[in-house]
Amino acid sequence: NAGVTQTPKFRILKIGQSMTLQCTQDMNHNYMYWYRQDPGMGLKLIYYSVGAGITDKGEVPNGYNVSRSTTEDFPLRLELAAPSQTSVYFCASTRTEANEKLFFGSGTQLSVL
Amino acid sequence: GQNIDQPTEMTATEGAIVQINCTYQTSGFNGLFWYQQHAGEAPTFLSYNVLDGLEEKGRFSSFLSRSKGYSYLLLKELQMKDSASYLCVTLDSNYQLIWGAGTKLIIKP
């Protein structure tokens with residue numbers, strides 16, 4: 001079982017560059033999420049989706065964009081990378097309601113220099 | 001505002017018992033999760049409490065008191081592999097997850 005697959009694991013960007021973090025799940029989950037985790041801080045929600053074609057902003061959406069064209073895929077786009085976006089990013093999914101446990105991808109360590 | 005408080009770091013001895021406390025203030029309440037996160041890895045689910053009381057699952061137990069805004073995670077027969085961060089997470093009235101910063105647990109032989 002693959003679960004939630006997230007790529008890449010590591011990436012270094014220069015200020016102003018763009019990139020897409022890929023996230024795919026094979027569990028037919030409706031809910032998908034993007035989080036960032038900074039040292040000593042709780043996870044912060046960037047964007048989430050409750051199903052294909054539906055996305056919504058989380059707590060810290062500025063500087064990011066998402067799309068959800070299929071149930072399986074939920075890519076996160078950084079358009080103009082800034083040092084403040086240096087963080088660890090996690091994609092996650094749940095079957096239906098938010099009171100179900102989250103399944104996480106393995107994470108992406110992103111540095112913007 | 002919404003807030004979760006848990007100790008930043010705790011140290012315990014292999015084979016012992018440790019209790020990690022969590023207090024919370026949230027806009028409504030629809031449950032509380034505990035997740036385990038090993039260094040450099042993603043969080044993994046440990047427990048979910050929505051009613052008051054103790055839920056036991058093997059060596060790990062989780063307790064909730066909604067009136068006190070308080071939960072704890074109890075780890076028994078500590079093993080070296082239990083060295084990790086433990087994240088307290090609440091679910092508010094809008095079904096939004098509020099994440100604590102986590103408690104780093106260090107296990108010494």
Side-chain angles (χ1 to χ4, degrees), chain A residues 1-10 21 23-25 27 29-51 54 56-61 87-111, chain B residues 1-10 20 22-51 55 57 60 62 64 66 71 73 84-104:
Chain A
N1 289 337
V4 180
T5 302
Q6 184 181 338
T7 58
K9 285 191 177 296
F10 303 94
L21 280 67
C23 178
T24 300
Q25 52 88 13
M27 298 173 284
H29 284 176
N30 290 317
Y31 287 61
M32 296 188 74
Y33 309 83
W34 274 105
Y35 285 97
R36 60 178 287 172
Q37 186 176 32
D38 299 317
M41 306 283 285
L43 273 70
K44 300 294 184 185
L45 182 63
I46 304 171
Y47 271 96
Y48 67 100
S49 169
V50 301
I54 305 169
D56 214 340
K57 295 178 180 179
E59 186 180 357
V60 289
S87 188
V88 179
Y89 292 83
F90 289 105
C91 178
S93 71
T94 57
R95 187 173 61 89
T96 53
E97 301 296 334
N99 58 353
E100 293 203 6
K101 66 179 180 179
L102 288 165
F103 292 82
F104 282 87
S106 56
T108 298
Q109 174 70 61
L110 176 67
S111 296
Chain B
Q2 308 203 82
N3 191 52
I4 293 179
D5 288 314
Q6 51 181 133
T8 302
E9 188 174 296
M10 299 181 69
I20 302 174
C22 170
T23 58
Y24 63 87
Q25 300 93 41
T26 57
S27 303
F29 181 79
N30 278 303
L32 186 144
F33 295 86
W34 285 95
Y35 281 81
Q36 180 190 58
Q37 185 177 25
H38 285 100
E41 298 182 9
T44 55
F45 170 83
L46 287 178
S47 66
Y48 172 67
N49 294 63
V50 66
L51 299 176
E55 298 254 353
K57 195 182 293 185
F60 292 10
S62 55
L64 176 67
R66 289 172 295 172
S71 173
L73 181 69
S85 288
Y86 292 86
L87 312 178
C88 177
V89 191
T90 60
L91 194 60
D92 72 12
S93 58
N94 294 320
Y95 284 90
Q96 297 296 313
L97 292 170
I98 311 299
W99 294 77
T103 298
K104 183 178 181 180

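For the numbers below, each heavy atom of this structure counts, side chains included, while hydrogens, waters and symmetry mates do not. Order of the sequence lines sets the chain letters (A, B, ...), proteins ahead of strands, with each chain counted from 1.
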(request) Sort A:Q109 into side chain, backbone, both or neither according to what part of it lies under 4.5 angstrom from a heavy atom of chain B. (result) neither

Which atom names give the shortest non-hydrogen contact between [X] and [Y], and what distance separates them?
X     : Y      : value
A:G40 : B:A101 : O-CB, 3.4 Å
B:Q96 : A:Y48  : NE2-OH, 4.1 Å
B:A42 : A:G105 : CB-O, 3.1 Å
A:F90 : B:E41  : CZ-O, 3.7 Å

(request) Not counting sequence neighbours, which residues clear side-chain contact (heavy atoms from CB on, under 4.5 Å) with B:A84? List them please. (result) B:Q36, B:H38, B:Y86

(message) So for B:Q37, is it side chain, backbone, both, or neither that comes closer than 4.5 Å to the heavy atoms of chain A?
(response) side chain

Let me have the donor-acceptor pairs involving side chains of residues 28-35 of chain B, under 3.5 Å, with sequence neighbours excluded, atom names and distances please.
unit_1 : atom_1 : unit_2 : atom_2 : d
B:N30  : ND2    : B:D92  : O      : 2.9
B:W34  : NE1    : B:S71  : OG     : 3.0
B:Y35  : OH     : A:L102 : N      : 2.8

(message) Nearest 0.5 Å, please: how far is OH in A:Y35 from CG in B:L97?
(response) 4.5 Å

